[in-house]
Enquirer: 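One structure is given below, represented as structure tokens, and several questions about it will come after.
Note that the structure is predicted; figures quoted are calculated from it, not measured. Atoms considered below: every heavy atom in the structure, side chains included; atoms not considered: hydrogens, waters and symmetry mates.
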Number of protein chains: 2
Amino acid sequence: MTPAEPAAGANAPDSPDAARAEAAGGREGARSPREEVLDAAAQCFMEKGFGAASIDDVARRMGATKGRVYHWYRSKLDLFVDVVRYSLELIHDQTAAAAAAGPPEGRMARMLRAHLRSILRDRPYHRVALQGVDLHLRAATTPEQREALAGLIALRDRHQRLFEKAIAEGVELGLYAPCDVPLTARTMLAAANGAVFWYRPREGETEADRNELIEKIAAYCLHGLHGPAAEKGEKA
Amino acid sequence: MTPAEPAAGANAPDSPDAARAEAAGGREGARSPREEVLDAAAQCFMEKGFGAASIDDVARRMGATKGRVYHWYRSKLDLFVDVVRYSLELIHDQTAAAAAAGPPEGRMARMLRAHLRSILRDRPYHRVALQGVDLHLRAATTPEQREALAGLIALRDRHQRLFEKAIAEGVELGLYAPCDVPLTARTMLAAANGAVFWYRPREGETEADRNELIEKIAAYCLHGLHGPAAEKGEKA
DNA sequence: GTCTATATTATGATAGAC
DNA sequence: GTCTATCATAATATAGAC
């Protein structure tokens with residue numbers, strides 16, 4: 001749990017809830033040497049993909065050389081794993097907090113807003129995470145790597161289960177139409193995550209602009225939960 | 001337009017509408033030598049990603065060696081471009097046909113079914129296409145490559161416009177709630193494309209199973225178009 | 001902690017036999 | 001049309017100076 005320790009396996013920057021400033025987008029204001037590497041890696045992996053981005057690219061983005069990267073991370077795959085882990089912890093923590101912050105009625109809306117806010121704000125990290133955790137699972141040779149990647153799958157499932165729970169709850173309460181809960185959660189998350197692929201902060205974009213975008217996407221995602229059954233007043 | 005011609009730029013296997021048998025999934029039954037290479041590439045890129053998959057991987061999957069691949073494709077990027085192009089033409093043609101095959105009322109449902117059917121059926125191709133066309137745009141050095149990639153963007157936009165048009169039409173007709181049409185189209189497509197990342201044909205899966213899956217996903221996507229306004233009977 | 005070499009390996013691409 | 005070399009390059013990872 002030490003916030004900054006050289007390459008020693010799976011530990012990483014402090015928990016996402018701490019003051020993470022402008023984690024992804026901010027070129028400056030990195031929080032620790034290790035996190036500076038992590039930010040650079042997230043941006044490089046986002047732009048070129050894990051395979052095409054080189055360690056030299058990551059170093060160059062920091063105005064440094066390889067040595068700095070390898071001092072903090074044992075391998076490129078370790079770096080990738082840490083970027084994805086950070087992405088998943090970040091978005092899960094914020095979504096879980098939003099879920100707990102009020103009554104069941106507006107729960108899903110709050111969760112979607114929190115999820116989407118993180119998608120826009122920490123886009124490089126999430127973009128990498130969505131690039132395919134499973135893809136590079138095959139590249140994992142050592143047991144430690146396979147273990148780390150299994151951990152990522154667990155984190156991803158945890159986040160999805162948060163949404164499944166909220167959907168099931170809403171169905172129970174008669175807010176949503178009955179549905180295949182895991183499938184619906186997956187599909188809704190896919191819709192919400194879509195923005196990570198095309199969103200780009202426009203020049204002079206205000207917080208209000210982003211909020212409007214979030215509201216529109218969340219609205220679509222929410223309406224998907226109301227089946228035709230709900231319209232006709234047929235519940236269950 | 002010749003169906004099989006050695007590496008000569010942007011030409012490719014015949015149009016997707018022809019007898020394409022089991023394009024993606026089928027290990028056997030490839031239609032032409034060039035298409036056999038294309039199928040192998042789609043599967044390799046899907047499994048390992050464009051960056052990590054090697055030309056040797058593609059050849060090995062056919063039980064051949066590099067020579068065979070390079071006889072039909074000038075470079076790895078050319079192969080990638082052709083996989084994506086094939087994916088986009090395939091799904092667009094089928095969706096456009098479904099759109100034209102009936103009245104406006106059920107148009108979007110027909111389009112979504114056609115789109116989803118292709119997502120499931122030609123998954124390797126679509127998975128590669130969604131891996132990030134833009135990602136490898138940077139890797140394009142030669143003018144021909146940049147041109148080819150611009151063509152892919154155009155194909156992608158064409159498919160999206162098909163959905164935008166159907167949404168706008170539905171809003172006009174009072175079928176759907178007014179909305180930000182391009183944003184909604186993107187979000188709906190993201191939801192529909194989500195399956196490409198997690199779907200795997202289960203053992204003993206029937207056509208009916210697939211249809212049920214398609215119907216569930218399409219239902220979610222469709223309901224997203226009906227805003228709360230529709231529920232309250234407020235139109236426009 | 002960061003840098004400058006450098007070892008090693010993998011892979012994209014080519015040439016030419018068959 | 002496909003194969004067997006082979007070249008050239010690029011990138012991961014390491015060793016050791018500062």
Side-chain angles (χ1 to χ4, degrees), chain A residues 2-9 11 13 30-41 44-45 47-83 136 138-142 144-145, chain B residues 2-9 11-13 30-41 44-45 47-83 136 138-142 144-145 148:
Chain A
T2 37
E5 198 145 345
N11 65 351
R31 301 128 289 162
S32 79
R34 200 173 201 257
E35 284 166 322
E36 193 183 350
V37 175
L38 199 65
D39 278 1
C44 287
F45 291 164
E47 287 173 9
K48 302 180 120 186
F50 174 74
S54 73
I55 300 288
D56 277 319
D57 288 332
V58 176
R60 208 174 304 128
R61 180 168 289 251
M62 298 185 297
T65 64
K66 285 190 221 275
R68 179 126 147 236
V69 176
Y70 278 109
H71 179 73
W72 297 102
Y73 286 96
R74 200 184 298 279
S75 73
K76 189 179 165 184
L77 191 60
D78 277 22
L79 237 184
F80 175 77
V81 167
D82 212 32
V83 169
H136 311 298
R138 298 177 170 275
T141 45
T142 75
E144 291 95 2
Q145 288 174 338
Chain B
T2 38
E5 200 145 345
N11 65 350
R31 302 128 289 162
S32 81
R34 198 172 204 258
E35 284 165 323
E36 194 182 350
V37 175
L38 200 63
D39 277 2
C44 287
F45 291 163
E47 288 172 7
K48 303 180 115 183
F50 174 74
S54 72
I55 300 288
D56 278 318
D57 287 332
V58 176
R60 209 175 303 128
R61 181 169 288 251
M62 300 185 295
T65 63
K66 283 191 221 276
R68 183 127 146 235
V69 177
Y70 278 109
H71 179 74
W72 298 102
Y73 287 95
R74 202 184 296 280
S75 73
K76 189 179 166 184
L77 192 60
D78 277 21
L79 238 183
F80 174 77
V81 166
D82 211 32
V83 169
H136 312 299
R138 299 178 170 274
T141 45
T142 78
E144 290 95 4
Q145 288 174 339

Enquirer: Name the residue closer to the 5' end of DNA chain D, choosing between Gly51(A) and Gly67(A) according to the nucleotide with the nearest heavy atom.
Expert: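 In this pair, the answer is Gly51(A).
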Enquirer: CZ of Arg60(B) to SG of Cys44(B): how many Å apart, nearest 0.5 Å?
Expert: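 Going from the CZ atom of Arg60(B) to the SG atom of Cys44(B) covers 8.5 Å.
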Enquirer: Rounded to the nearest angstrom, tell me the gap between atom CZ in Arg74(A) and atom P in dT14(D).
Expert: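 Result: 8 Å.
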Enquirer: Taking only the side-chain heavy atoms of Ser75(A) (C-beta and beyond), determine which of dT2(D), dA13(D), dT2(C) contains the nearest atom.
Expert: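 My answer, after comparing the listed nucleotides, is dA13(D).
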Enquirer: Rounded to the nearest Å, what distance is computed from the NZ atom of residue Lys76(B) to the P atom of nucleotide dT9(D)?
Expert: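 After rounding, the gap between these two atoms is 18 Å.
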Enquirer: Can you tell me the distance, in whole Å, between the CG atom of Leu79(A) and the C1' atom of dA13(D)?
Expert: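 Interatomic distance, CG of Leu79(A) to C1' of dA13(D): 13 Å.
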Enquirer: Asp56(A) CG to dT6(C) P: how many Å, rounded?
Expert: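 That distance rounds to 16 Å.
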Enquirer: Of the listed nucleotides (dT14(D), dT2(C), dA13(C)), which one gets closest to any side-chain atom of Tyr70(A)?
Expert: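 Of the candidates, dT14(D) comes closest.
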Enquirer: Please classify the nucleic acid contact of Ala53(A) as base, sugar-phosphate, or nothing, using heavy-atom distances under 4.0 Å.
Expert: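 Sugar-phosphate, no base atom in range.
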Enquirer: What class does the angle between the rings of Phe50(B) and Phe45(B) fall in, given that below 30° is parallel, 30 to 60° is tilted and above 60° is perpendicular?
Expert: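 Plane angle over 60°, so perpendicular.
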Enquirer: If I take atom CZ in residue Arg68(A) and atom C1' in nucleotide dA17(D), what distance separates them, rounded to the nearest angstrom?
Expert: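 In whole Å, dA17(D) C1' and Arg68(A) CZ are 19 Å from each other.
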Enquirer: Do Asp57(A) and Glu47(A) touch side chain to side chain, with heavy atoms closer than 4.5 Å?
Expert: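 Not touching, per the 4.5 Å side-chain cut-off.
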Enquirer: Between dA5(C) atom P and Ile55(A) atom CD1, what is the distance in whole Å?
Expert: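 From Ile55(A) CD1 to dA5(C) P: 20 Å.
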Enquirer: Decide, yes or no, whether a salt bridge links Arg74(A) with Glu144(A) under the criterion of side-chain N to carboxylate O below 4.0 Å.
Expert: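 Salt bridge: no.
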Enquirer: Ignoring the backbone of Ser54(B), work out which of dC3(D), dA13(D), dT11(C) is nearest its side chain.
Expert: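 Looking only at heavy atoms from C-beta outward on Ser54(B), the closest nucleotide is dT11(C).
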Enquirer: Write down the distance between NZ (Lys66(B)) and P (dA17(C)), rounded to a whole number of angstrom.
Expert: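 That distance rounds to 20 Å.
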Enquirer: Answer yes or no: does a side-chain N or O of Thr65(A) lie under 4.0 Å from OP1 or OP2 of dT2(C)?
Expert: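 For dT2(C), neither OP1 nor OP2 has a side-chain N or O of Thr65(A) closer than 4.0 Å.
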Enquirer: Hey, mind stepping through Arg61(B) and Asp39(B) against salt bridge (charged side-chain N to carboxylate O under 4.0 Å, His left out) and telling me if it holds?
Expert: CA-CA 10 Å; Arg61(B) 181 169 288 251; Asp39(B) 277 2; over 6 Å; no
Enquirer: Measure the distance from CG on Leu77(B) to P on dT11(C) and round it to the nearest whole Å.
Expert: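 Between P of dT11(C) and CG of Leu77(B): 18 Å.
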